[in-house]
Amino acid sequence: MSELWPVVAIMGPTASGKSGLALELAGLFKGEIISADSAQVYAPLEIGVAKPSPLELAQVVHHGVGQLGLEENFSLAAFITEAQRLIPALWRRGQLPLVVGGTGLYVRGLLEGYLLEEAPPDEGLRASLNSQPLELLLSRVASLDPATYRRLDRRNKRRVTRSLELILQRGAPLVDSPRRPPPYAVLKLALRWEREALYKRIDERLEAMLERGWLQEVEGLVRAGWAERLQELRILGYPQLIEVVLGRRTLEEARQEIKFATHRYAKRQETWLRREPGVHWLEASDAPLERAQSLVAQWLESLPAELQERRGAGPV
RNA sequence: GCCGGGGUAGCUCAGCUGGUAGAGCAUGCGACUGAAAAUUGCAGUGUCCCCAGUUCGACUCUGGGCCUCGGCA
């Protein structure tokens with residue numbers, strides 16, 4: 001029996017319309033959505049993370065949206081573990097698994113079959129490491145785990161800290177994760193926009209989020225005592241709006257900063273995506289839904305018969 | 001109208017006791033197998049407001065003009 005499971009991945013920069021496309025495809029092909037998004041997992045974050053609406057959540061089953069409290073930590077390993085469990089389960093129930101999200105590392109980690117040990121972060125340890133100078137962290141990594149030291153980006157304190165945290169936690173050197181052959185038959189779709197048009201969409205979406213009460217949402221979070229935690233998580237826009245709530249910055253300043261930060265984010269996502277192999281690009285200006293629909297239909301037909309049979313209820 | 005500040009990169013500004021200029025942000029390109037909406041590297045860009053003068057040489061000094069901000073009228 002084959003170990004291969006089918007999955008559709010929908011990628012693209014922020015504000016490119018991934019969620020909408022995924023909803024449509026889920027409706028057309030009887031699918032469920034597995035969210036590959038490191039910010040939408042948090043239940044208390046709503047407007048600013050562009051979470052699907054309650055109606056949309058009711059129409060299509062979403063996994064990985066709003067299932068953590070702010071006191072919890074999400075991670076690549078946790079995402080992969082959960083998605084690996086879900087994909088076969090969905091297919092057996094006759095549902096098409098749609099992995100949707102802008103966190104490129106998560107999608108790649110899943111599809112390339114990274115094998116990572118779960119290592120829940122230790123807040124106390126993390127805090128103490130964060131307060132130490134980079135040089136010290138580096139020398140500790142160098143003595144505990146020379147191999148990791150060599151491959152690490154040594155200018156990047158965040159990475160150095162996280163590696164040391166993992167080394168200390170497991171009490172042994174990290175292995176560059178072994179990889180098993182990708183266990184999925186994947187159709188990768190990605191949405192592409194002209195840069196200028198995408199930035200415009202981002203800006204308009206920000207205005208819409210503010211109109212819907214994003215600032216009030218942040219006020220509530222600050223009142224509930226989450227300011228520090230949110231500064232730490234650095235989820236786009238939240239730190240800037242917290243500054244507004246605390247009166248250290250005007251809304252106008254924050255609005256501009258958030259726009260720029262989101263542009264940069266979108267650009268980084270595109271840089272990442274360009275190196276992703278086997279992507280079918282959908283031009284946003286060229287009927288992306290229709291193209292996606294026909295690509296998915298063709299791809300489903302091309303799957304081995306044994307896989308199709310395994311799909312409980314069969315294609316719609 | 002008078003007094004004062006200012007006109008330098010797309011934006012905000014620094015700078016040169018005279019030798020044609022720079023930072024942050026923006027923008028572009030990149031890295032990234034463990035917090036990734038994070039973190040991080042690299043790059044380009046200029047009639048230095050205009051005209052004249054002094055000078056071997058002016059973005060820098062002098063004179064005039066234009067524009068702008070603030071105060072007083």
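Residue numbers start from 1 in every chain, and the chains themselves are labelled A, B, ... in the order their sequence lines are given, proteins ahead of strands. Only heavy atoms go into these numbers, but all of them, side chains included; no hydrogens, no water, no symmetry mates. Keep in mind it's a predicted model, so treat the numbers as computed, not measured.
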Pairwise [atom1] distance, [M] and [N] [rounded to whole Å]:
N: A23(B); M: A14(B); atom1: C1'; result: 7 Å
N: U40(B); M: C13(B); atom1: P; result: 27 Å
N: U12(B); M: U17(B); atom1: P; result: 26 Å
N: U62(B); M: C25(B); atom1: P; result: 35 Å
N: C51(B); M: A43(B); atom1: C1'; result: 37 Å
N: U20(B); M: G57(B); atom1: P; result: 15 Å
N: C42(B); M: C32(B); atom1: C1'; result: 15 Å
N: G15(B); M: A52(B); atom1: C1'; result: 26 Å

G-U wobble or Watson-Crick pairing nucleotide for [N] (cut-off 3.5 Å, both distances):
N: U54(B); value: none
N: G4(B); value: C69(B)
N: C29(B); value: G41(B)
N: C16(B); value: none

Considering only side-chain heavy atoms of [X], which listed nucleotide, [options], is closest?
X: Arg159(A); options: U33(B), A36(B), A26(B); result: A36(B)
X: Arg274(A); options: A36(B), C29(B), U27(B); result: C29(B)
X: Arg151(A); options: A38(B), A26(B), G34(B); result: G34(B)
X: Thr271(A); options: A38(B), C29(B), A31(B); result: A31(B)
X: Leu105(A); options: A38(B), C29(B), U33(B); result: U33(B)
X: Arg234(A); options: G34(B), A36(B), A38(B); result: A38(B)

Between Arg170(A) and His263(A), which residue's closest nucleotide on RNA chain B lies nearer the 5′ terminus?
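Final value for this comparison: His263(A).
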
Closer to the 5' end of RNA chain B via nearest nucleotide, is it Tyr199(A) or Thr103(A)?
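Whichever sits nearer the 5' end wins; that is Tyr199(A).
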
Aromatic contact, Tyr42(A) with Tyr238(A) (centres under 6.0 Å)
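No.
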
Within less than 4.0 Å of OP1 or OP2 of [N], is there a side-chain N or O belonging to [X]?
X: Lys267(A); N: G28(B); value: yes
X: Arg264(A); N: A26(B); value: yes
X: Arg195(A); N: C29(B); value: yes

Donor-acceptor pair, distance only, cut-off 3.5 Å: does the side chain of [X] make one with the backbone of [Y]?
X: Arg126(A); Y: Thr161(A); value: no
X: Arg154(A); Y: Tyr149(A); value: yes
X: Glu46(A); Y: Lys51(A); value: no

Ile34(A) and side-chain contact (heavy atoms from CB on, under 4.5 Å): which partner among Ile87(A), Leu98(A), Val107(A)?
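Of Ile87(A), Leu98(A), Val107(A), side-chain contact (heavy atoms from CB on, under 4.5 Å) with Ile34(A) is met by Ile87(A) alone.
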
Please tell me whether Thr14(A) and Arg205(A) have a donor and an acceptor in their side chains that are separated by less than 3.5 angstrom.
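Yes, Arg205(A) and Thr14(A) have a side-chain donor paired with an acceptor closer than 3.5 Å.
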
To the nearest Å, give me how far apart [atom1] ([X]) and [atom2] ([N]) are.
X: Glu270(A); N: C29(B); atom1: CD; atom2: C1'; answer: 12 Å
X: Gln256(A); N: C11(B); atom1: CD; atom2: C1'; answer: 10 Å
X: Arg275(A); N: C32(B); atom1: CZ; atom2: C1'; answer: 9 Å
X: Leu174(A); N: G34(B); atom1: CG; atom2: C1'; answer: 8 Å
X: Arg155(A); N: G41(B); atom1: CZ; atom2: P; answer: 6 Å
X: Glu253(A); N: A26(B); atom1: CD; atom2: C1'; answer: 16 Å
X: Leu273(A); N: G30(B); atom1: CG; atom2: P; answer: 12 Å
X: Glu232(A); N: A36(B); atom1: CD; atom2: P; answer: 12 Å

Using a 4.0 Å heavy-atom cut-off across all strands, classify [X] as base, sugar-phosphate, or nothing.
X: Ser163(A); answer: nothing
X: Gly48(A); answer: base
X: Ala77(A); answer: nothing
X: Gln269(A); answer: nothing

Parallel under 30°, tilted from 30 to 60°, perpendicular over 60°: which one fits the rings of Tyr199(A) and His263(A)?
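Parallel.
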
Measure distances between side-chain N and O atoms of Arg268(A) and base N and O atoms of A36(B), and say whether any donor-acceptor pair falls under 3.5 Å.
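Per atom types, no contact qualifies.
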
For the pair Arg255(A) and Glu252(A), find out whether any cationic side-chain nitrogen is under 4.0 Å from an anionic carboxylate oxygen.
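A salt bridge links Arg255(A) with Glu252(A).
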
